[in-house]
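Quick one: the structure is below, questions incoming.
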Amino acid sequence: ATSHCDQVWVVVDYTPPGTPTTLTVEAATGTYGGTVDLTATLSPAVAGKTIEFYINGESKGSSSTLASGVATLNGVALTVGGVPLTVGTYTGTYNTSGVGAGFAGDATYEPSTGAANLTVNQKELTVSGITADDKTYDGNTDTTIHTGSAALEGVVGSDNVTLDTGAAAGAFAAKNVGTGITVLISG
């Protein structure tokens, strides 16, 4: 009697799945022509993982997570292609609109992305170069102002902004006698 035994060996190249991750992006708010700080939190929290940040689809750089899983990229210009973003709210959609962030994953952790809204607020401009005349006390706050040297301060880049002083009028903040009294400008 003969005994015969067949054996089949199967070799499987198996890589266990990585740990799932989530990336939570904080909404950001800045002023037209300014900068903003971008923050994202990787869960589970692990240090030393690279998070790539985007504004309206444009890569703005990367930052490594701390032990808390938080990564922050500071002083990011509110521009796309070097042009300032217009005032408004940009709905967070990863790598398209608002603030986006991505973790590429590695041998241990799966990739993840996240997004949040970005709000760009209007920038206030100031006017310099307006002077007011001294006057003899008369119980009123009115004064004569001079606008010939008036200029706008804080204009961003080559923005086309015009200062019209044609209807400008001045008044002292108080009618009392004194020096260094603030002059309020209207119009």
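Every heavy atom of this structure was used, including side-chain atoms; hydrogens, water molecules and symmetry mates were not.
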- request: Provide the closest heavy-atom pair for Thr147 versus Ile145 in the form atom of the first, atom of the second, distance.
  value: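 Between these two residues, the closest heavy atoms are CG2-CD1, 4.0 Å.
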Please determine whether residues Leu66 and Val25 belong to a single hydrophobic cluster, defined as Ile, Leu, Val, Met, Phe, Trp and Tyr linked transitively by side-chain heavy-atom distances below 4.5 Å.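 Unlinked, Leu66 and Val25 end up in two clusters.
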- Message: Counting only heavy atoms not in Asn140 (residues, nucleotides, ligands), do more than 12 fall under 6.0 Å from its CG?
- Response: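 Yes, because the 6.0 Å sphere around CG of Asn140 holds more than 12 heavy atoms from other groups.
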Heavy-atom nearest pair, Lys60 first then Ala77, reads NZ-O, 3.6 Å
May I ask you to decide if Gly154's main-chain N or O and Lys123's side chain share a donor-acceptor pair within less than 3.5 Å? yes
Start with the C-alpha gap between Val127 and Ile185, add the side-chain angles, then the distance that decides, and say whether side chain to side chain contact (heavy atoms under 4.5 Å, CB included) holds. CA-CA 10 Å; Val127 178; Ile185 307 295; over 6 Å; no
(request) Give the minimum heavy-atom separation between Ala28 and Val36, together with the two atoms involved. (result)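 Heavy atoms of Ala28 and Val36 come nearest at CB-CG2, 3.5 Å.
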Is Ile130 reachable from Val161 through a run of hydrophobic residues whose side-chain heavy atoms are each under 4.5 Å from the next?
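They do share one cluster, since a chain of ILVMFWY contacts under 4.5 Å joins Val161 to Ile130.
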Ignoring hydrogens and geometry, is there a side-chain-to-backbone donor-acceptor pair from Thr65 to Lys49 under 3.5 Å?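 Confirmed, Thr65 side chain pairs with Lys49 backbone.
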- Item | Contact summary for Val99 and Asn117, nearest pair of heavy atoms |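 So the two residues come closest at CG2-O, 4.2 Å.
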Open item on the list: Please evaluate residues Thr119 and Asn121 with respect to the criterion side chain to side chain contact (heavy atoms under 4.5 Å, CB included), reporting the C-alpha separation (whole Å), side-chain torsions for both, the decisive distance (0.1 Å), and the verdict.
Closed with: CA-CA 6 Å; Thr119 301; Asn121 292 321; 3.6 Å; yes
dist Leu118:CG -> Ser97:OG (nearest 0.5 Å) comes out at 8.0 Å
| said: So which atom in Ile181 and which in Ala174 form the shortest heavy-atom distance, rounded to 0.1 Å? | reply: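 Looks like CG2-N, 3.9 Å.
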Does Asp138 come within less than 4.0 Å of Lys175, counting only side-chain N to carboxylate O?
no
All heavy atoms of Ala132 vs all of Val183, minimum pair found to be CB-CG2, 3.7 Å
Do Phe103 and Glu110 have side chains that get closer than 4.5 Å, going by heavy atoms?
no
Spacing of CG belonging to Leu184 relative to OG1 belonging to Thr143, to within rounding of 0.5 Å =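 Nearest 0.5 Å value for the CG-OG1 distance: 11.0 Å.
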**OP:** Measure the OH-OG1 distance between Tyr90 and Thr93 for me, rounded to the nearest 0.5 Å.
**Re:**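 Rounded to the nearest 0.5 Å, the OH-OG1 separation comes out at 13.5 Å.
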Original post:
Under 4.5 Å between any side-chain heavy atoms of Ser62 and Leu73, yes or no?
Top reply: no
Are Ile55 and Val156 linked, directly or through intermediate hydrophobic residues, by side-chain heavy-atom contacts shorter than 4.5 Å (ILVMFWY only)?
yes
Tyr109/Val46 under side chain to side chain contact (heavy atoms under 4.5 Å, CB included): CA gap, chis, key distance, verdict:
CA-CA 10 Å; Tyr109 296 96; Val46 61; 3.9 Å; yes
Chi angles and distances behind the side chain to side chain contact (heavy atoms under 4.5 Å, CB included) call for Leu78, Thr35:
CA-CA 5 Å; Leu78 288 171; Thr35 62; 5.9 Å; no
Next on the checklist: Pairing donors with acceptors under 3.5 angstrom, does anything connect the side chains of Glu52 and Ser59?
Outcome noted: yes
* Linked, directly or transitively: Leu23 and Phe53 (ILVMFWY side chains, under 4.5 Å) -> yes
For this session: Determine which pairs satisfy side-chain hydrogen bond (donor to acceptor under 3.5 Å, both in side chains) with at least one residue from residues 20-32, sequence neighbours left out, and list them in order.
Result: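 Non-adjacent pairs meeting side-chain hydrogen bond (donor to acceptor under 3.5 Å, both in side chains): Thr21-Ser112, Tyr32-Asp159.
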Report task. Output the distance between atom CG (Leu125) and atom CD (Glu153), rounded to the nearest 0.5 Å. Result ->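 The CG atom of Leu125 sits 9.5 Å away from the CD atom of Glu153.
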Discussion item. Any side-chain to backbone donor/acceptor pair from Thr39 onto Thr72? Under 3.5 Å, distance only.
Written reply: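 Absent.
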Using the rule that two of Ile, Leu, Val, Met, Phe, Trp, Tyr join whenever any of their side-chain heavy atoms come within less than 4.5 Å, decide whether Val76 and Ile51 are in one cluster.
yes
